[in-house]
Participant: 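Take a look at the following structure, please.
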Number of protein chains: 2
Amino acid sequence: MTAPRELDPADPAVRAWGRMRALVVDQHDRRREACEAVGLSFVRVKALLEVAREPGTLSDLADRLSVDRPYATVVVDELQKRGLVRREHHPDDRRCKIVSATPDGLRAAATARAILGDPPPVLRALPAEDLAQLDRILAAL
Amino acid sequence: MTAPRELDPADPAVRAWGRMRALVVDQHDRRREACEAVGLSFVRVKALLEVAREPGTLSDLADRLSVDRPYATVVVDELQKRGLVRREHHPDDRRCKIVSATPDGLRAAATARAILGDPPPVLRALPAEDLAQLDRILAAL
DNA sequence: GCTAATGATTGTGTCGCCGCAACCGCCGCG
DNA sequence: CGCGGCGGTTGCGGCGACACAATCATTAGC
């Protein structure tokens with residue numbers, strides 16, 4: 001079907017990308033861990049992180065999670081049942097509900113973020129100079 | 001529950017890791033695309049890539065995919081039904097079956113690899129010097 | 001040769017992800 | 001004030017990713 005355009009293994013972009021992917025998805029995927037730590041499935045963790053970052057309406061959240069509205073409702077239901085988020089009426093539009101994180105929710109989000117954002121040991125083991133270079137280069141994206 | 005050890009946003013390792021994750025999982029996750037291109041679910045794509053890389057027994061494959069043996073059987077069944085892999089008897093141990101990719105399977109694997117391994121445009125847009133640095137640093141992992 | 005371990009398979013069941021159709025309430029517009 | 005549109009909710013159902021138990025063949029160790 002699709003023409004399988006081959007990759008050039010000598011291309012530095014291809015090589016760097018491959019290594020990044022290997023590190024992120026193969027060697028250091030801690031999603032399972034994060035889910036267990038907060039006792040939620042991964043979509044709910046993502047939803048929690050999202051509302052912790054910034055509250056918003058259900059539709060808004062659905063968009064940010066790339067799911068449809070009904071599913072967003074279900075996910076938020078679960079989070080609310082656990083006391084991690086609350087629904088508040090939009091002051092100007094009574095149709096909307098604003099979903100925001102409770103203190104417990106913020107704590108749980110921080111836990112998840114700490115696990116997911118914890119760099120792998122191999123990365124920490126890099127010389128400070130390389131790390132700074134890495135940070136600088138990646139910041140340009 | 002778990003002590004939420006906070007992350008230091010000034011730590012270059014944390015920052016670099018965050019950027020890498022954002023790029024790999026948030027902005028350029030092409031798994032859906034790869035699955036559609038070869039008409040398989042993602043675990044099967046992973047399995048296919050694995051056997052294409054190197055044939056092995058079912059148990060071996062189960063280990064590499066981090067699933068149990070029964071599930072590996074199911075996955076391989078599907079791939080075999082599509083003519084992408086074949087089972088061969090182990091010459092010395094008749095209990096074992098060696099799973100290897102057919103020519104079709106190798107082609108499908110190449111397609112998936114081409115999609116998954118295709119670096120995002122932002123990465124390609126980096127100056128050659130930075131790209132080389134990136135490649136060099138990441139290679140040290 | 002009997003037995004225990006090993007490899008593969010089949011069947012069963014659970015859980016998470018997620019779209020879709022239908023419905024209700026509120027808003028805005030003519 | 002009636003009506004279409006939008007936001008939210010409920011219910012339904014499918015699909016994928018598994019794990020677990022049980023079974024069968026083979027092999028290996030005593």
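Keep in mind that the numbers below use all heavy atoms, side chains included, and drop hydrogens, waters and symmetry copies.
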Participant: Going 5' to 3' along nucleotides 23-30 of chain D, which nucleotides have protein heavy atoms under 4.0 Å from the base (write B), which only from the sugar-phosphate (write S), and which from neither (write -)?
Facilitator: ---BS---

Participant: Treating B:R82 as the side-chain partner and B:L40 as the backbone partner, does any N or O pair qualify as donor plus acceptor under 3.5 Å?
Facilitator: no

Participant: Do you know which two heavy atoms are closest between A:D130 and B:I137, and how far apart they sit?
Facilitator: O-CD1, 3.5 Å

Participant: Answer yes or no: is there a side-chain heavy-atom contact under 4.5 Å between B:L116 and B:L49?
Facilitator: yes

Participant: Knowing that exactly one of A:R95, A:H90, A:K97 qualifies, which makes a side-chain hydrogen bond (donor to acceptor under 3.5 Å, both in side chains) with A:D93?
Facilitator: A:R95

Participant: Students should find this one: the first and last nucleotides of DNA chain C, 5' to 3', lying under 4.0 Å from a heavy atom of chain A. What are they?
Facilitator: C:dG16 to C:dC27

Participant: Does any residue of residues 43-60 of chain A have a heavy atom under 4.0 Å from DNA chain D, and if so, which ones, in number order?
Facilitator: A:T57, A:L58, A:S59

Participant: Charged N to carboxylate O under 4.0 angstrom, B:R124 versus B:D118?
Facilitator: yes

Participant: Just by distance, do the side chain of B:T57 and the backbone of B:I98 share a donor-acceptor pair under 3.5 Å?
Facilitator: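 Checked: no pair found.
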
Participant: How long is the line joining CZ of A:R32 and C1' of D:dC18, in whole Å?
Facilitator: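 After rounding, the reported distance stands at 9 Å.
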
Participant: For B:P119 and A:A13, which heavy atoms make the closest approach, and how far apart are they?
Facilitator: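 Closest approach of B:P119 to A:A13, heavy atoms only: CB-O, 3.8 Å.
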
Participant: By a strict heavy-atom criterion of less than 4.0 Å, which residues belonging to residues 77-89 of chain B are in contact with DNA chain C?
Facilitator: B:D77, B:R87

Participant: Is a side-chain N or O of A:R64 found less than 3.5 angstrom from the main chain of A:E50, in a donor-acceptor match?
Facilitator: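 Pair found, side chain donor or acceptor close to backbone of A:E50.
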
Participant: More than 12 foreign heavy atoms under 6.0 Å from CZ of B:R53: is that the case here?
Facilitator: yes

Participant: Taking 4.0 angstrom as the limit, do B:D77 and B:K81 come out as a salt bridge?
Facilitator: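 Salt bridge absent between B:D77 and B:K81.
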
Participant: Kindly say whether A:V24 contributes a backbone atom to a donor-acceptor pair with the side chain of B:W17 at under 3.5 angstrom?
Facilitator: no

Participant: What closest approach, in Å, do B:Q80 and B:R87 show between heavy atoms, and which atom pair accounts for it?
Facilitator: OE1-NE, 3.0 Å

Participant: Write down the distance between CG (B:L65) and P (D:dA17), rounded to a whole number of angstrom.
Facilitator: 11 Å

Participant: Mind checking the CD-CG spacing from A:E78 to A:L48? Nearest 0.5 Å is all I need.
Facilitator: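 A:E78 atom CD to A:L48 atom CG measures 11.5 Å (nearest 0.5 Å).
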
Participant: Using 0.5 Å steps for rounding, measure from the CG atom of B:L65 to the NZ atom of B:K46.
Facilitator: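 Between atom CG of B:L65 and atom NZ of B:K46 there are 6.5 Å.
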
Participant: Flag the pair B:L138 / A:M20 as yes when at least one side-chain heavy-atom distance between them is below 4.5 Å, and no otherwise.
Facilitator: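 They are in side-chain contact.
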
Participant: Looking at CD of B:E36 and CZ of B:R30, how far apart are the two atoms once the value is rounded to the nearest 0.5 Å?
Facilitator: 11.5 Å

Participant: Classify B:T73 by what it touches in the nucleic acid, base, sugar-phosphate, or nothing, heavy-atom distance under 4.0 Å.
Facilitator: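 Answer is base: heavy atoms of B:T73 come under 4.0 Å of a base.
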
Participant: Is it true that a side-chain atom of B:S100 and a backbone atom of B:P55 form a donor plus acceptor pair closer than 3.5 Å?
Facilitator: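 Checking the backbone N and O of B:P55 against the side chain of B:S100, no donor-acceptor pair under 3.5 Å is found.
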
Participant: How many whole angstroms separate atom CG of A:L61 from atom P of D:dG7?
Facilitator: 14 Å

Participant: Can you tell if the side chain of B:L134 reaches within under 4.5 Å of the side chain of B:L123, non-hydrogen atoms only?
Facilitator: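 Counting from C-beta outward, B:L134 and B:L123 do come under 4.5 Å.
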
Participant: Five pairs at each end of the helix from C:dG1-D:dC30 to C:dG30-D:dC1: take the axis at both ends and give me the angle between them to 10°.
Facilitator: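 The angle, to the nearest 10 degrees, is 10°.
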
Participant: If you restrict it to nitrogen or oxygen atoms, what contacts under 3.5 Å exist between nucleotides 19-21 of chain D and the protein, and what is each distance?
Facilitator:
residue : atom : partner : partner atom : Å
D:dA19  : OP2  : B:D68   : OD1          : 3.3

Participant: Could you tell me how far apart B:R31 (CZ) and D:dA17 (C1') are, to the nearest whole angstrom?
Facilitator: 12 Å

